[in-house]
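Everything below concerns the one structure shown next.
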Amino acid sequence: MRIVIADDAVLLREGLVRLLTESGHQVVAAVGDGDALVEAVVEHRPDVSIVDVRMPPSHTDEGLRAAVEARRLVPRTPILVLSQYVEVSYADDLLATTGGGGGGIGYLLKDRVAAIDEFLDALRRVAGGGTVLDPEVVGQLFARRRRDDPLRELTPREREVLALMAEGRSNTAIARALVVSDGAVEKHVRNIFTKLTLPPDTEQHRRVLAVLTYLRN
């Protein structure tokens with residue numbers, strides 16, 4: 001894969017460059033601020049970009065804002081946020097860019113990445129158009145749920161399935177996690193689509209819409 005890295009921590013940035021290069025990938029740009037990220041995405045059109053949240057000049061949410069801008073200028077460009085922090089507002093804005101079937105979004109917390117293989121697998125899934133979210137990110141976004149919760153019609157098991165969908169898991173992976181059959185998961189997913197009144201479309205598009213409904217409420 002051709003990859004852009006945006007992180008102002010030089011040691012981490014160079015460590016990622018080395019890790020990805022040794023894993024057979026090509027790092028086409030490694031930058032330290034949001035403006036440079038946007039420029040690199042527009043210039044290189046990478047297969048995926050790895051982005052930190054807090055970068056110069058204010059070290060608050062520049063990375064996420066730059067990621068949103070990069071997705072605006074290069075629609076569907078895959079972005080994997082890799083950070084120590086959950087910035088809820090702009091995370092929601094970034095996830096909103098997956099509407100219309102354009103996935104390719106991930107948000108992982110640095111301290112919770114347990115293994116290199118897991119990280120590389122998440123990177124591949126995001127590059128392939130998937131949505132990969134750390135459970136802690138899901139939890140903080142879910143905490144913003146409104147009173148008029150469109151998820152209120154879901155059963156507890158359907159909520160579990162939807163939460164695992166939000167982590168980017170396939171139906172087979174969900175079945176393993178819940179110790180149920182693939183057929184049972186497929187039935188729950190169909191019920192979720194029906195209860196959330198999602199329009200008929202491709203399976204991937206409806207999964208993205210379901211996850212967005214889950215995260216915004």
Side-chain angles (χ1 to χ4, degrees), residues 1-87 90-91 93-98 101-138 166-170 204 208:
M1 293 184 293
R2 299 171 64 255
I3 301 170
V4 166
I5 299 171
D7 197 310
D8 68 315
V10 177
L11 288 178
L12 178 59
R13 188 170 69 231
E14 293 305 313
L16 283 171
V17 170
R18 180 172 179 177
L19 168 65
L20 294 168
T21 300
E22 291 179 350
S23 298
H25 304 297
Q26 179 186 4
V27 178
V28 295
V31 301
D33 62 75
D35 290 342
L37 165 66
V38 175
E39 292 173 4
V41 169
V42 171
E43 177 182 354
H44 297 287
R45 307 293 171 114
D47 296 309
V48 63
S49 298
I50 302 171
V51 182
D52 190 18
V53 170
R54 299 186 177 183
M55 291 192 289
S58 71
H59 295 278
T60 53
D61 54 20
E62 285 85 354
L64 277 176
R65 287 191 283 115
V68 172
E69 177 66 7
R71 292 271 292 189
R72 185 185 70 81
L73 295 174
V74 184
R76 298 190 176 94
T77 187
I79 301 284
L80 173 61
V81 176
L82 182 63
S83 180
Q84 291 178 298
Y85 312 97
V86 180
E87 173 39 67
Y90 279 99
D93 289 345
L94 182 61
L95 287 163
T97 67
T98 62
I105 291 294
Y107 199 135
L108 299 178
L109 298 181
K110 293 175 181 177
D111 293 342
R112 290 167 58 91
V113 175
I116 291 175
D117 288 346
E118 292 178 5
F119 168 69
L120 294 175
D121 178 64
L123 193 63
R124 283 190 291 268
R125 283 191 282 158
V126 171
T131 302
V132 179
L133 301 173
D134 186 286
E136 179 66 22
V137 176
V138 172
E167 293 177 22
R169 303 198 194 192
S170 66
Q204 181 62 26
V208 170

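Both backbone and side-chain heavy atoms feed into the values below; hydrogens, waters and symmetry mates do not.
The shortest distance between side-chain heavy atoms of Leu20 and Ile50 falls below 4.5 Å. A heavy-atom distance below 4.5 Å is not found between the side chains of Glu62 and Asp33. No side-chain heavy atom of Leu73 sits under 4.5 Å from any side-chain heavy atom of Val41. Under the 4.5 Å side-chain criterion, counting only non-hydrogen atoms from C-beta, Ile3 is not in contact with Asp47. Between Leu12 and Asp52 the shortest side-chain heavy-atom distance does not fall below 4.5 Å. Looking only at side-chain heavy atoms (C-beta outward), Asp7 and Lys110 come within less than 4.5 Å of each other.
Side-chain atoms of Arg125 come within 3.5 Å of backbone N or O of Gly168 as a donor-acceptor pair. Side chain of Arg76 to backbone of Gly104: no donor-acceptor contact under 3.5 angstrom is found.
To the nearest 0.5 Å, atom CG of residue Leu16 and atom CG of residue Leu11 are 11.0 Å apart. Atom-to-atom distance recorded for Arg65:CZ and Asp35:CG is 9.0 Å, nearest 0.5 angstrom. The distance from atom CD of Glu39 to atom CD of Glu69, rounded to the nearest 0.5 Å, is 11.5 Å. To the nearest 0.5 Å, atoms OG (Ser49) and CZ (Arg2) are separated by 10.0 Å. Here the CG atom belonging to Leu64 is positioned 10.0 Å from the CZ atom belonging to Arg54, to the nearest 0.5 angstrom. In this structure, CG in Leu19 is found 12.5 Å from CD in Glu14, a value given to the nearest 0.5 Å.
The shortest heavy-atom contact between Val38 and Ala66 is CG2-O, 3.5 Å. Residues Ala29 and Ala40 approach most closely at CB-CB, 3.8 Å, considering heavy atoms.
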